[in-house]
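Have a look at the structure below, then the notes.
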2 protein chains.
Amino acid sequence: MSTFETTQLPEIGKRIRNSRLSAGLNLHELARLSGISAPALSLIENGKRDLRLSSLFRIAGALRVEATNLLHAQAENLVTPDALGGSGYNLGDYQ
Amino acid sequence: MSTFETTQLPEIGKRIRNSRLSAGLNLHELARLSGISAPALSLIENGKRDLRLSSLFRIAGALRVEATNLLHAQAENLVTPDALGGSGYNLGDYQ
DNA sequence: TACAATTTTATCTTTTAAGATAAATTTTCT
DNA sequence: AGAAAATTTATCTTAAAAGATAAAATTGTA
């Protein structure tokens, strides 16, 4: 089996579940909001379904999170160079 | 029709095509690398197919890009706070 | 313009996502 | 423990993704 099926899909499912619980929703409510049935959501959250991109976006929309944040472990607190008011270059360790 | 079908899928398709061309591959070669047939890739690149997550990851893997970068317009040059050597807090405009 | 390579479209088959519903299981609360 | 709520699993149906192949259309080049 591929690492996608054994590792990535389950991880994506966990992120969806975390987001749903953070939003204080049960499967039935997320089903209503996303238009994806509760049984299907259960399979997805448990990493047992290779969902379509449209489903990922519907879920993300219903949970008000970025689809990207459901795909990968969040690099949370990323910041654009602009927000730092600097030259736009990242000087790294240089000083 | 949803904005996903009319807007997002075509945009994702364009990013895949850009990445493929940047990698100097034709559809036949990407098909071989990703295990997705050239006709299917053509539909995907033209935003006419609601692909599965596994397909997105296989394509990203073959192109050696992050799946995330195919999903959304890249916020290129994002930087982690750590790389800036600061406190970890983003002070924004505060000085 | 002709030829070659690439891409697109069409058709057909197989596989699987997803909906609906119901039943079973697990979790939560009184 | 018992009842209620939530989740999981099963079954069946429908829709659509994806493979294979071939043909048509486009694009690039000698």
Side-chain angles (χ1 to χ4, degrees), chain A residues 1-65 67-68 70-72, chain B residues 1-65 67-68 70-72:
Chain A
M1 247 195 288
S2 70
T3 98
F4 179 76
E5 290 166 325
T6 60
T7 307
Q8 312 201 255
L9 256 191
E11 284 174 0
I12 290 165
K14 278 179 199 150
R15 281 182 216 112
I16 292 173
R17 173 148 301 180
N18 280 340
S19 296
R20 173 174 65 80
L21 295 177
S22 295
L25 300 172
N26 62 30
L27 284 176
H28 178 75
E29 293 167 325
L30 179 55
R32 190 175 44 76
L33 289 172
S34 66
I36 294 168
S37 69
L41 287 172
S42 176
L43 292 172
I44 289 168
E45 289 191 351
N46 287 295
K48 294 174 181 169
R49 179 161 288 187
D50 183 7
L51 66 163
R52 295 182 191 155
L53 233 43
S54 60
S55 300
L56 181 76
F57 277 79
R58 286 158 78 188
I59 292 169
L63 294 174
R64 300 174 179 281
V65 298
T68 287
L70 298 176
L71 273 201
H72 291 309
Chain B
M1 248 196 288
S2 69
T3 95
F4 178 76
E5 291 167 323
T6 60
T7 307
Q8 312 200 256
L9 256 192
E11 284 174 1
I12 290 165
K14 279 178 200 149
R15 281 182 217 113
I16 292 174
R17 172 148 302 180
N18 280 340
S19 297
R20 174 174 64 80
L21 295 177
S22 295
L25 300 173
N26 62 31
L27 285 177
H28 178 73
E29 292 167 325
L30 179 56
R32 189 174 45 76
L33 289 172
S34 67
I36 295 169
S37 69
L41 287 171
S42 176
L43 292 172
I44 290 168
E45 289 190 352
N46 287 295
K48 293 173 181 168
R49 178 161 288 189
D50 182 9
L51 67 163
R52 296 182 190 155
L53 233 44
S54 60
S55 300
L56 181 76
F57 277 79
R58 285 158 79 188
I59 292 168
L63 294 175
R64 299 173 180 278
V65 298
T68 286
L70 298 176
L71 272 201
H72 290 309

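Lettering of chains follows the sequences in order, A, B, ..., and the numbering in each one begins at 1.
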Ranking dT9(C), dA18(D), dT7(D) by distance to the side chain of Arg20(A), first place goes to dT7(D)
Which listed nucleotide (dT21(C), dT7(D), dT7(C)) is nearest to the side chain of Asn26(A)? dT7(D)
Separation of dA18(D) atom C1' from Lys48(B) atom NZ, nearest Å, is 17 Å
Counting only side-chain N and O atoms of Ser42(B), is one of them less than 4.0 Å from OP1 or OP2 of dT9(C)? no
Picking from dT7(C), dA18(C), dA22(C), which would you name as closest to the side chain of Arg17(B)? dT7(C)
Heavy-atom side-chain proximity of Leu9(A) to Leu51(A) below 4.5 angstrom: yes
Has Arg58(A) got a side-chain atom pairing as donor or acceptor with Gly35(A)'s backbone, closer than 3.5 angstrom? yes
Phosphate OP1/OP2 of dT8(C) contacted by Asn46(B) side-chain N/O (<4.0 Å): yes
Please report, rounded to the nearest Å, how far the P atom of dA17(C) is from the CG atom of Leu56(A). 15 Å
Separation of Asp50(A) atom CG from dA17(C) atom C1', in whole Å? 8 Å
Could you state the atom-to-atom distance from CD of Glu45(B) to P of dT7(C) in whole Å? 8 Å
Any donor-acceptor pair under 3.5 Å linking the side chain of Ser42(B) with the backbone of Ala38(B)? no
Just call it for Leu43(B): base, sugar-phosphate, or nothing, with non-hydrogen atoms closer than 4.0 Å on any strand. nothing
With DNA chain D as reference, determine whether Leu41(B) or His28(A) sits nearer its 5' end, using the nearest nucleotide of each. His28(A)
How many whole angstroms separate atom CD1 of Ile36(B) from atom P of dT15(C)? 18 Å
Sorted by position of nearest nucleotide on DNA chain C, 5' first, the leading residue of Ala38(B) and Arg52(B) is Ala38(B)
Over how many whole Å does the gap from Leu21(A) atom CG to dA6(D) atom C1' extend? 11 Å
Separation of Leu30(A) atom CG from dA6(D) atom C1', in whole Å? 14 Å
Okay, side chain of Ser19(A), backbone of Arg15(A): is any donor-acceptor separation there less than 3.5 Å? yes
Keeping the roles fixed (side chain from Asn26(A), backbone from His28(A)), state whether a donor-acceptor pair exists under 3.5 Å. yes
Separation of atom CG in Leu51(B) from atom P in dA17(D), rounded to whole Å: 9 Å
Checking only heavy atoms, does the side chain of Arg49(A) share a donor-acceptor pair with the base of dA18(C) at less than 3.5 Å? yes
